[in-house]
Every structure is written in C-alpha cells, then in structure tokens.
Number of protein chains: 2
Amino acid sequence: MPPSKAPNGRTGRPPVTSRAEILAAARRLIDQDSWERLTVRKLAAELGIGTTTLYHHVRDKEDLLLLVLNEYAGQLPRPELPAGPQDRIVAAATFLHDAFATWPWAVEVLTADGFVGLLDDAALWPVEAIVAAAIDAGCTQQQAVVAFRSIWYYTVGEILVRARSPHRPVTGAELHFDFPANLDPAKTPHLTAIGRDWKTYAAADTYPHGLRALVSGLLPSST
Amino acid sequence: MPPSKAPNGRTGRPPVTSRAEILAAARRLIDQDSWERLTVRKLAAELGIGTTTLYHHVRDKEDLLLLVLNEYAGQLPRPELPAGPQDRIVAAATFLHDAFATWPWAVEVLTADGFVGLLDDAALWPVEAIVAAAIDAGCTQQQAVVAFRSIWYYTVGEILVRARSPHRPVTGAELHFDFPANLDPAKTPHLTAIGRDWKTYAAADTYPHGLRALVSGLLPSST
DNA sequence: ACCTGAACACCGTTCAAGT
DNA sequence: ACCTGAACACCGTTCAAGT
C-alpha cells in the first residue's frame, strides 16, 4: 500500500496534535497544578494522545518548558517606564519580579539553564532597560553589567525563597523563621528578643525596599 | 529460638551501620559527585548495605540532607568579626556566602524547606550577627529583619545562579549571557554594543561589591 | 532490634513497529 | 509523516518476612 495522500497534498498519517496545542495544554496544567508536578505523561493524557507522541513536537521536557516560558514572556504587556534612571531601573526590575512572582517556575527554568541565551529577543527588554538606565546614570558598561547582575541575584533569590516557602504562595512569612522554641538566649540574644515578631515583620513584601537600597548603592552617587 | 543476646546486653540483630556512618558516606558522595545525583540507592551501595536499611536510621531523604547540612554547618570555623556594624554585616554575609559557595546544595535544601526552623542553634550565629549589627547601626528590630531578609535574598540568588551555571563551578561567567548572535540592535542597542564583553565583565566575582551597595543602602545613613 | 528483597507507584526517554 | 505501546533505566518509599 502506498502512503495515504491527505487533501492538502502532504503524505502520511495525519497529526493528532500540534506544538501550539501542546504548549497551551502545558500552560493549563502548570497553572492548575504546580510546574514541579507537570510530567510528560500527564501532559499527553491531558491531550488524549500517546505519551511518546510528544517527542515528535518538542525535543525534550526542558525544551518544552523554555517554549512555554518564551510564549508567556512575549504575552506580558510592556509597561511605560519612568524617565529618571533610578526609577527606570526599579520599574524594570519590579516588572521582572512581578512576572516571576506569578510564574516562579520560570526562575527555576532560567537559572537551571544559564539564563538568557535561551530567551527570545522580545523577552530581553527588561535587561536592556536596566543596562541602558544604568549607563544613563553614569555607569560604565562594566558597572552597568555588574549592576544588572546584582539586581538579578536579588530578584532571583526573593522569588525562589518566596516560591518555595511552604503553602504561602502569595504574600507572607516567606522566610518561615519559625525558630525552635529552644533558642538559646545566650547565643542568639537578638533573635530571642525578636521571637514571634519575626513572623510579623517577615510578612511584609520588602522586595521594593531592598531593591531601592541596592540600586541607590550601585549607581554613581547623583543625589 | 529466643533472640540472640549481644555482649552489651541488648537484644536482637546487630546493626550493620549507624547514623554517623551514613552521614559520612552521604557527605563523601555529595563531595565526589553532585548532591542532585545522590540517591538513596547509591548511598546504600556505598555503605554496602541494603537500600531499605537506611530508613531505620533516617526518616527520609530530606531528613538525611538536613542532618548532613547541620553537621557541615557545625564544623565550619567561626571567624572573628570586625567592630564596625557595616563591616560586621558584610563579614557575616560573606561567611554565609562562602560556606554556601562550596556547598551550593545547602541553599537548595534550605530554600526548599523554609530555612531556619531546621537549623541547629549553633548554625544560626550569622543570622544573629547580621541582625545584631543592624541594630547596632541604628536599625529598629523590624528594619534589622528587613535588612537580613534582603541580604539573604541577594546571597541565595547569587549562589543559585552560580551553582546552576553549566560547568563553571568556581568563578566565572555565571550569567552565561551568550546572546544569540542575532540580537536586534534596534531593540537592544546597549546589549548589542556590549556584545562579547558581557562575558568578560560577568567573569568577575561581584558578590562583595553588590553586598556593600545593598548594606549601605539598607542601614540608616551614618556616613 | 535490626536488616532486607520484593514490590509499588512513579519518572523521562528511546525505539521498533504500526498506519 | 506521524503515532504508539513496550521497554529501558532509573527514582523514593513501604512492608512483610527473615535473623
């Protein structure tokens, strides 16, 4: 038997799915459940196809996650940035932060794979904006790169600590500083004194505050 | 047959291993290979015991990692700290950073489980030192907690980004900013201009620089 | 008391065979 | 061209049975 001939003139067995459908289903599952619990098998089941069929449309699981990530990044509305360099950096970094806060797994994927060689051109604008603003503020290229990296570390750390805190996804006591009740006041007097208040203090979202402290320390002093 | 009676008077089958031996073997395997590749099965093989025997000495894999971590933390020599509050914070944070830099999996374990309720009393001194110094510098308790958290985020981020960068464990181009050659100069002029130099700039260890910027921004201005 | 193999309930991925 | 079940090489953990 010769291979069947489809109406579109192409030959062979017709597809049961497409890359776009796969990405949409993956995103659905990630949003419903966590990205850690997304498995190739579940994704195929969601689509009603054989597990191994997926491997005809994406290289492997990592490839799949990067595709979903870039799609997500491209869909986010791009905000207006303020004129002042320092405010511009804060705004761009906060945009990054907020984007990651709703999709913390993106940070895991990006840090797992060396970041940006993997991002689409269109998703790089916050990086460009931060570097550009730093140079506007009087930084050399090198200082601007250093500034971006510091901001990136701070942002990644905040997201990961927050995301991994048990069952407190939105705001809250991320550090989960639930001291053992048996803190030794001789060894840790200040921690003992703070005691239960730590939880209260740590409940606030301090990302912007720390970010401003960092940025003001990184840029050449311009009053 | 009655249960055999050991010379020490205790009854039953004699142990083939101990918690101490298990922790030592786990540490050996983690140092040799990465902690991601430590499996319960490999650990049992290393000890020459049945896999499931491990579960009589540790609750589960997470428990095992925490035990190893606390042992490691307790063994690190505690440095002298400078007198000035700002320098003291930098020194304590740098100690944390360096400890994690040689054992990045510790950060993974700690961030995975909400940090410090899990640390031994003895391992908490850097936290106490940072909070104490912040209060010395004029911070309120709340400001001191915020300062610690910001420093913690920055440190965690640096370690994780560095640790996960492919095959560059010690120093180096952690961000791996290997732009696609097809960067659009219209969209990302500054990144395009920096180009290959990014790698050079990013090769430096900028943790201390960013840390100082952050700390100086966080403390009440004291010249 | 302590040890252990078999078993359970999973993974991601490959590959030969089918349509 | 595309799909797919079986299979491979793994995981962490439980549990009944052995000593």
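Each chain gets a letter, A, B and so on, in the order the sequences are listed, and its residues count up from 1.
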Q: For Arg28(B), which residues count as a side-chain hydrogen bond (donor to acceptor under 3.5 Å, both in side chains) partner, sequence neighbours excluded?
A: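 Scan of Arg28(B) (side-chain hydrogen bond (donor to acceptor under 3.5 Å, both in side chains), adjacent residues dropped) gives Glu46(B).
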Q: Partners of Tyr55(B) by ring pair (Phe, Tyr, Trp, His ring centres under 6.0 Å), sequence neighbours excluded?
A: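 Counting only residues at least two positions away or on another chain, Tyr55(B) forms no ring pair (Phe, Tyr, Trp, His ring centres under 6.0 Å).
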Q: Does His57(A) have any side-chain hydrogen bond (donor to acceptor under 3.5 Å, both in side chains) partners at least two apart in sequence or in another chain, and if so, which?
A: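 With sequence neighbours excluded, His57(A) shows a side-chain hydrogen bond (donor to acceptor under 3.5 Å, both in side chains) to no residue whatsoever.
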Q: Between Leu43(A) (CG) and dC10(C) (P), how many Å, whole number?
A: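 Distance check: Leu43(A) CG to dC10(C) P gives 17 Å.
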Q: Measure from CD on Glu21(A) to P on dC3(D) and round the result to the nearest Å.
A: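 Value for this atom pair: 10 Å.
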Q: Regarding Tyr207(B) and Ser150(A), is there a side-chain donor-to-acceptor distance under 3.5 Å anywhere?
A: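 Per modelled atom types, Tyr207(B) and Ser150(A) side chains form no pair under 3.5 Å.
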Q: If pairs are Watson-Crick or G-U with both distances under 3.5 Å, what is the dot-bracket string of DNA chain D, marking crossing pairs with [ ] and pairs to another strand with |?
A: ||.|||||...|||||.||
Q: Under 4.0 Å, heavy atoms only, any strand: does Ser18(A) hit a base, just the sugar-phosphate, or nothing?
A: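 No contact at all - Ser18(A) keeps every heavy atom at 4.0 Å or more from the nucleic acid.
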Q: Is there a side-chain contact between Trp105(B) and Leu69(B), using heavy atoms and a 4.5 Å cut-off?
A: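 Heavy-atom side-chain distance check passes, below 4.5 Å.
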Q: Between protein and nucleotides 12-19 of chain C, map the contacts as a letter string: B base, S sugar-phosphate only, - none, heavy atoms under 4.0 Å, written 5' to 3'.
A: BBBB--BB
Q: Please state the P separation for the pair dA9(D) and dA9(C) - nearest whole angstrom.
A: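 That atom pair is separated by 23 Å.
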Q: Write down the distance between CD1 (Ile49(B)) and P (dG5(C)), rounded to a whole number of angstrom.
A: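 It is 11 Å, rounded to the nearest whole Å.
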Q: Strictly by modelled atom types, are Tyr72(B) and Thr102(B) linked by a side-chain donor-acceptor pair under 3.5 Å?
A: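 On atom types as modelled, these side chains qualify, holding a pair under 3.5 Å.
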Q: Would you indicate whether the side-chain heavy atoms of Asp197(A) and Val145(B) approach each other to under 4.5 Å?
A: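 Of all side-chain heavy-atom pairs linking Asp197(A) with Val145(B), none is under 4.5 Å.
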Q: Measure from CZ on Arg37(A) to C1' on dC10(C) and round the result to the nearest Å.
A: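 For the pair Arg37(A) CZ and dC10(C) C1', the rounded distance is 14 Å.
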Q: Check side-chain hydrogen bond (donor to acceptor under 3.5 Å, both in side chains) between Thr52(B) and all other residues, then give those that pass, not counting sequence neighbours.
A: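 Partners of Thr52(B) by the side-chain hydrogen bond (donor to acceptor under 3.5 Å, both in side chains) criterion come out as none, since no residue qualifies.
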